[in-house]
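Since the structure comes first, as structure tokens, the remarks are kept for the end.
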Amino acid sequence: MKTIFIVDDSDTNLALAEQALEDHFNVMTLPSADKMFSLLEKIKPDLILLDIEMPLMNGFEALEKLKLNKSWSDIPVLFLTGTSNADIENKGSKLGAEGIIVKPFTSPVLLERINALI
């Protein structure tokens, strides 16, 4: 079973995404980018759902750090965000994100986007 990391500082968003994906994937929920990087030392996921707006290290900073590491640079990343506009999409794309999913999301859309990538 493929593994997905969901990284979001909102317990509600973590729970909703986990509920949508848990029957299809091994899901690991993480409340911060720091926790994600700690777990990456042990487990390499097949995909990361990454919130953009988080304290300490935002999603853009986390994606930059991921792409600089040879061991992690090939992990597909989909951003989760409450706000999407052309600037956010362009910045994410330039940093290497596979796309953006706007919250609130629906389970079928989330599954479709993930299945297309892994």
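In this text, all values refer to a predicted model and were calculated from it rather than measured experimentally.
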How long is the gap from CD1 on Ile101 to CG on Leu50, to the nearest 0.5 Å?
-> 11.5 Å
Student check: side-chain heavy atoms of Glu112 and Asn115 closer than 4.5 Å = no
Value for CD (Glu89) from OG1 (Thr81), rounded to nearest 0.5 Å, stands at 9.5 Å
Mind listing the closest non-hydrogen atom pair of Lys67 and Ser73 along with its distance?
-> NZ-O, 2.9 Å
Nearest-0.5 Å distance, CE of residue Met54 to CG of residue Leu56 | 9.5 Å
Are Val102 and Leu95 linked, directly or through other ILVMFWY residues, by side chains that come within less than 4.5 angstrom of each other?
-> yes
When rounded to the nearest 0.5 Å, the distance separating CD1 of Ile88 from OG of Ser93 is 13.5 Å
State, with a plain yes or no, whether a side-chain heavy atom of Lys103 is found less than 4.5 Å away from one of Asp51.
-> yes
Could you tell me whether the side chain of Ile75 reaches within less than 4.5 Å of the side chain of Trp72, counting heavy atoms only?
-> yes
Below 4.5 Å, heavy atoms only, C-beta onward: do Asp9 and Pro55 meet side chain to side chain?
-> yes
State, yes or no, whether a side-chain contact exists between Asn26 and Lys2 at a heavy-atom distance under 4.5 Å.
-> no
Residues Ala20 and Leu110: closest non-hydrogen pair is CB-CD2, 4.1 Å
Under 3.5 Å, which donor-acceptor pairs do the side chains of residues 33-47 form with other protein atoms, sequence neighbours left out?
unit_1	atom_1	unit_2	atom_2	d
Ser38	OG	Asp34	O	3.2
Lys44	NZ	Ser71	O	3.2
Lys44	NZ	Asp74	OD1	2.9
Lys44	NZ	Asp74	OD2	3.2
Asp46	OD2	Thr3	N	2.8

Report yes if the side chains of Ile48 and Leu78 come closer than 4.5 Å at any heavy-atom pair, otherwise no.
-> no
Polar side-chain atom of Glu61 near backbone of Asn58 as donor-acceptor pair, under 3.5 Å | yes
Within a reach of under 6.0 Å around CD of Gln19, are more than 12 heavy atoms found that belong to other residues, nucleotides or ligands?
-> no
Shortest non-hydrogen pair, Gly92 vs Phe60, comes out as N-CE2, 3.9 Å
For the hydrophobic clusters of this structure (ILVMFWY residues joined by side-chain heavy atoms under 4.5 Å, transitively), does one cluster hold both Ile118 and Val77?
-> no
Run the side-chain contact (heavy atoms from CB on, under 4.5 Å) check on Phe5 and Thr29 step by step: do they pass?
-> CA-CA 6 Å; Phe5 285 4; Thr29 58; over 6 Å; no
Side chains of Lys65 and Met57: closer than 4.5 Å at any heavy-atom pair?
-> yes
Mind checking whether Leu21 and Leu49 have side chains closer than 4.5 Å, heavy atoms only?
-> yes
Side-chain donor/acceptor of Arg113 to backbone N/O of Ile100, under 3.5 Å | yes
Kindly compute the distance separating CD1 (Ile52) from CG (Leu80), expressed to the nearest 0.5 Å.
-> 8.5 Å
Is there a path of hydrophobic side-chain contacts, each under 4.5 Å between heavy atoms of I, L, V, M, F, W or Y residues, that connects Ile114 with Leu117?
-> yes
